[in-house]
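Note that ligands are numbered from 1 as they come in the structure, with each ligand's atoms numbered from 1 the same way. Along the sequence shown, the residues carry numbers beginning at 1.
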Amino acid sequence: MKVKLLDLVPQFERIKDEVLEAVEGVFAAQQFILGSPVEELERRVADFCGIAYAVGCASGSDALLLALMGLGIRPGDEVITTPYTFFSTASSITRLGARPVFADIDPLTFNIDPSAVERAVTDRTKAVIVVHLYGQTADMGAIMKISHERRVPVIEDACQAIGALCKGAAAGSMGAVGCFSFFPTKNLGGCGDGGMLTTGDKRLAENLALLRVHGARQRYYHDVMGINSRLDAIQAAVLNVKIGHLPEWNEERRRRAAYYSEGLSGIDEVTVPHITDGNTHIFHQYVIRVPRRNELKAFLHESGIGCEIYYPVPLHMQKCFSFLGYREGDLPEVERAALETLALPVYPEIPREQQDYVIERIGDFFKGRH
Ligand SMILES: Cc1ncc(COP(=O)(O)O)c(C=O)c1O
């Protein structure tokens, strides 16, 4: 049997007519950048997250960069974040000449550990970027407490977490700014790159909308130093169709995750994902922790099963960040996670027989039946 890590074809089949009609509408209007589909998506994402404002941009990476620019991050500032994440969480900081200060993670959730954040705060700390990794929110109660006490704004990297909830509050609605990615493989994915910022602060929203268009309120009159990071109308048209289905798709992912966790519960070596009380996890990834991870990965690949490591090299150990001076051993939980985690195939339409096969092969591996 072949099991893909992710198969986007069945989802497209479900919504093909709606998507093609929406795309045709964009071609008929011949307005390809920003415009009414983007405004509609901004309203819908804001409503979906229960927050006042949303600003479309070109990618999740740009959303992070714009969020930091909007908060006035400058060269020499420190921004605390996790190194157990996708690259651009930290590169957005260094692109502005600021310094990422890496904090360790909670080994249960793989999200940033609030006590490590607390210890990392200095007079130079100007922001904290939390990442809601794999689709589960970080401990936002504790993080926001630090934010208020130390007067440091929080950026939520919610690129993997659209629809995730922390005690009823949506990812992207709790900090100063939320950042989303519409990369095609995300739970809400476009047909190319796309991103969104969310905020409850009107002035910040206006500033972000300005920064994404070269800082120009009026064309060729530049008030501030911005960038080109606009969302395309085609992306917005596709996403406007998909966002209506998102709650159902997230629910289907949750059900499939629960099925794995039940099926894998009999295998002692496997630690299934932890869901913190009061959280709604949207399972962008279903990630287990196992001994002999690399061997298991190779075995599953030989068995025709797609699986992936997110992330094999933590950011503090990346060559491009060597100038920050981190050493192996500095962030033990992050380094352990990078050696032990493995993402299994999960998406709303994955057939049950395929999940059964994945569970069976993992069982065979640890029981030595191979
Ligand atoms: C946690 C996280 N942050 C940032 C990004 C960057 O998003 P994008 O690929 O849209 O630039 C991603 C997605 O790739 C992500 O998973």
Side-chain angles (χ1 to χ4, degrees), residues 5-6 8 38 41 45 54-69 79-96 100 102-103 105 109-112 127-138 140 143 154-164 171-172 175 177-198 208 212 227-232 234-236 238-239 242 250 253 281-287 308-316 318 320-321 334 337-338 341 343 346-347:
L5 181 63
L6 172 66
L8 291 170
V38 173
L41 183 68
V45 169
V55 178
C57 64
S59 67
S61 302
D62 273 6
L64 289 158
L65 180 66
L66 286 162
L68 291 163
M69 290 170 78
V79 179
I80 299 170
T81 194
T82 163
Y84 195 58
T85 177
F86 181 68
F87 175 67
S88 59
T89 309
S91 65
S92 58
I93 302 168
T94 52
R95 277 184 69 184
L96 293 174
F102 292 121
I105 55 168
T109 62
F110 307 108
N111 279 324
I112 200 164
V128 176
I129 305 181
V130 297
V131 180
H132 303 315
L133 199 68
Y134 305 145
Q136 170 161 239
T137 53
M140 290 305 286
I143 295 283
V154 171
I155 295 169
E156 294 177 70
D157 179 341
C159 286
Q160 300 186 3
I162 190 160
V177 200
C179 300
F180 293 92
S181 165
F182 302 128
F183 188 78
T185 58
K186 296 290 194 267
N187 289 31
L188 179 62
C191 55
D193 278 311
M196 187 73 72
L197 292 132
T198 49
L208 294 169
R212 75 174 166 179
I227 60 172
N228 171 9
S229 184
R230 302 165 299 211
L231 184 61
D232 291 341
I234 285 185
Q235 299 308 330
V238 170
L239 293 162
K242 287 189 164 192
N250 280 347
R253 280 174 183 269
H281 197 320
I282 58 149
F283 287 99
H284 173 57
Q285 299 294 350
Y286 182 91
V287 176
E308 194 48 276
I309 299 166
Y310 302 110
Y311 296 89
V313 182
L315 298 187
H316 71 289
Q318 294 283 349
C320 72
F321 290 131
V334 168
T341 54
V346 73
Y347 53 94

Atom pairs and distances, side-chain donor-acceptor, residues 183-197, under 3.5 Å, sequence neighbours left out:
from, atom 1, to, atom 2, distance (Å)
Asn187, OD1, His284, ND1, 3.0
Asn187, ND2, Asn250, OD1, 2.9
Asn187, ND2, Ile282, O, 3.1

Report all N/O contacts between ligand 1 and the protein shorter than 3.5 Å as a table of atom names and distances to 0.1 Å; if there are none, say 'none'.
from, atom 1, to, atom 2, distance (Å)
ligand 1, 3 (N), Asp157, OD1, 3.3
ligand 1, 3 (N), Asp157, OD2, 2.7
ligand 1, 7 (O), Ser181, OG, 3.4
ligand 1, 10 (O), Gly60, N, 2.8
ligand 1, 10 (O), Ser181, OG, 2.7
ligand 1, 11 (O), Gly60, N, 3.4
ligand 1, 11 (O), Ser61, N, 2.8
ligand 1, 11 (O), Ser61, OG, 2.5
ligand 1, 14 (O), Lys186, NZ, 3.0
ligand 1, 16 (O), Gln160, NE2, 2.9
ligand 1, 16 (O), Lys186, NZ, 3.4

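- Between Cys179 and Ile129, every side-chain heavy-atom pair lies at or beyond the 4.5 Å cut-off.
- Considering only residues two or more places apart in sequence or on other chains, His281 meets the ring-ring contact (aromatic ring centres under 6.0 Å, His included) condition with Phe283.
- In this structure the side chain of Leu133 never reaches within 4.5 angstrom of the side chain of Val287, judged on heavy atoms.
- Under the side chain to side chain contact (heavy atoms under 4.5 Å, CB included) test applied with Asp157, the options Thr81, Val130, Thr89, Val177 reduce to a single match, Thr89.
- Every residue meeting the ring-ring contact (aromatic ring centres under 6.0 Å, His included) condition with Phe321, not counting sequence neighbours, appears here in chain and number order: Phe87.
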